[in-house]
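Notes follow the structure.
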There are 2 protein chains.
Amino acid sequence: MAETLDIGNLLKHTRLFEDFDADDMAVLARDCRTQRVARHDIVFNRGDHADGFYVVAVGAIKLVLPGPHGQRKVIEFFGPGQCFGEPFMFINRPYAADAQAMEDSLLVWIGKPAIDAALDVHPHLARQMLAGLSARLHTLMCDIETVKLQSANERLVGYLLSLPRKFDRTRFPCSKSLVASKLGLAPATLSRVLRQLIQDGLILVEGRDVVIPNSVALERQLQAA
Amino acid sequence: MAETLDIGNLLKHTRLFEDFDADDMAVLARDCRTQRVARHDIVFNRGDHADGFYVVAVGAIKLVLPGPHGQRKVIEFFGPGQCFGEPFMFINRPYAADAQAMEDSLLVWIGKPAIDAALDVHPHLARQMLAGLSARLHTLMCDIETVKLQSANERLVGYLLSLPRKFDRTRFPCSKSLVASKLGLAPATLSRVLRQLIQDGLILVEGRDVVIPNSVALERQLQAA
DNA sequence: CGGAGCATTGAAGCGTTTCAATGTAGGTGG
DNA sequence: CCACCTACATTGAAACGCTTCAATGCTCCG
């Protein structure tokens, strides 16, 4: 019972379930579970059966695609309020990627029957999920552009400009190795490209912090060359 | 009026609208248009405002991502009954890719207000759209795997094995240049890899037709090396 | 027959990866 | 408080795989 209330509290602040009242939530919660995972823990493996999906309450999760020769590529990151795994559930296919916790996290698992029932009654939920999937489709398309159509330099510059900035300062949201993987680069390459940008006077780097003194000059990198 | 009936006929055989009755369809059709496009015609351009989406009635459409240096990469193909453009509509962002007709085609355009209204009343429509988006998200993830994690050889072998087969025969669904683009390869590279597979006795190629005498041997290509 | 579009082939070049060595930072235990 | 350890980051040299360019071949259709 305490667990049920807990789930309601965790979910009702997410976009997905913002229009759920206490009753709706109680029904939903019957087919939900909370799940604590420690940093580096696996949430699911590629190939596992997807009979539900997850909402991040606290923490950060990464979706990683394993290649045939042991390489790994990060596809997406998920933070509080975001859900993951639902595309596989909707098409009744096993997970195509691994999900792993980047930090100690608290997740809510929601069973397929529960969400199916909720979709019949809550157009708002459907709309939010449609928007969520659409946004991710959009980013994935851009990622394909990134990975396939842009040079290492362009990828990094585009990524830097896409990060939230405070005045002339930005910050990598995670380790450089992970950033490299997201951009489809070898960590060594990321390092080299960063150095080049520094030498060209376009950025300054201190650990995860990046200073962009002249963002216009940086943007010119994308058109030029 | 003739146009309205026309649209109803075109749409009611698609999965998306299979549970619509005549009244539902009439309401929807008020905010729809049919659109004929000839081979090579542009349906929309990257950057255009997405205030609706398209359903393919007849023909074939490709979504193409333009790179910063004039390269182009095919992201998706759409055939009869499939819809495209809706991810951009749902997130109120301009199209991120170009849509172009691969053959003379007949499309139905559906306005955002109409689909919004329909979603409130038809959970089935929502579910179908969720499934459609999920499936495409799934394929895009696999495409990223293809483009980034696999060699040219692996990409082609994987692709060949994924094509529908009749006994030991398959067929490229479109020109080799387009296949190459979908696989993220230069046409020249596709040509070379095909030749290698032929020399290794794994396939036979005649124009668009491909014979796979021993699919098990071909699958071994994916694990080996 | 001739032309357009697609496919093939070779040679050369380029960007990224790989590998391995070295450097650096943050956290832990003596 | 320092020494150590682990994980991450950097750097260089070499190699690899794909692309590019350009020439040639092929095939279908007017």
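Side chains are part of it too, since the values below use all heavy atoms of this structure and drop only hydrogens, waters and symmetry mates.
- For the pair Arg208(A) CZ and dT10(D) C1', the computed distance is 17 Å after rounding to whole Å.
- Between dT17(C) and Thr189(A), a contact under 4.0 Å exists linking OP1 or OP2 to a side-chain N or O.
- The separation between Gln71(B) atom CD and dG15(C) atom C1' is 14 Å, rounded to whole Å.
- The phosphate of dG15(C) (OP1 or OP2) has no side-chain N or O of Ser151(A) nearer than 4.0 angstrom.
- Of the side-chain N and O atoms in Arg39(B), none sit less than 4.0 angstrom from OP1 or OP2 of dG5(C).
- Between dC18(D), dT17(C), dT10(D), one nucleotide has an atom nearer to the side chain of Lys176(A) than all others, and that is dT10(D).
- Note: CG (Asn153(B)) to P (dC18(D)) measures 9 Å, nearest angstrom.
- With hydrogens and angles left out, the side chain of Arg155(A) and the base of dT16(C) share no donor-acceptor pair within 3.5 Å.
- Among the candidates Lys62(A), Arg136(A), Lys182(A), the single residue satisfying the side-chain hydrogen bond (donor to acceptor under 3.5 Å, both in side chains) test with Glu76(A) is Arg136(A).
- One can find a donor-acceptor pair under 3.5 Å joining the base of dT18(C) and the side-chain atoms of Arg192(A).
- Closest to the Ser175(B) side chain, of the nucleotides dC6(C), dT9(C), dT19(D), is dC6(C).
- Around CZ of Arg36(A), the count of heavy atoms belonging to other residues, nucleotides or ligands within 6.0 Å does not exceed 12.
- Note: NE2 (His69(A)) to P (dT17(C)) measures 15 Å, nearest angstrom.
- Here the closest non-hydrogen pair linking Leu183(B) and Arg155(B) is O-NH1, 3.0 Å.
- In the displayed structure, Gln199(A) atom CD is contacted under 6.0 Å by more than 12 heavy atoms of other residues, nucleotides or ligands.
- A straight line from CG of Leu185(B) to P of dT9(C) spans 16 Å, rounded to a whole angstrom.
- Looking at the side chain of Ser177(B), the nearest of the listed nucleotides dT11(D), dA7(C), dA9(D) is dA7(C).
- Rounded to an integer number of Å, the gap from CG of Leu156(B) to P of dC18(D) is 11 Å.
- Regarding Phe172(B), its CZ atom lies at a distance of 16 Å from the P atom of dC6(C), rounded to whole Å.
- Each of dT18(C), dC18(D), dT11(D) was ranked by its minimum atom distance to the side chain of Ala186(A); first place goes to dT18(C).
- Between Leu149(A) atom CG and dG15(C) atom C1' there is a gap of 15 Å when expressed in whole angstrom units.
- A side-chain contact (heavy atoms from CB on, under 4.5 Å) with Phe84(B) is found for one member of Tyr54(B), Phe77(B), Tyr95(B), Phe53(B) and no other, namely Tyr54(B).
- Between Lys148(B) and dT17(C) there is a side-chain polar atom (N or O) within less than 4.0 angstrom of OP1 or OP2.
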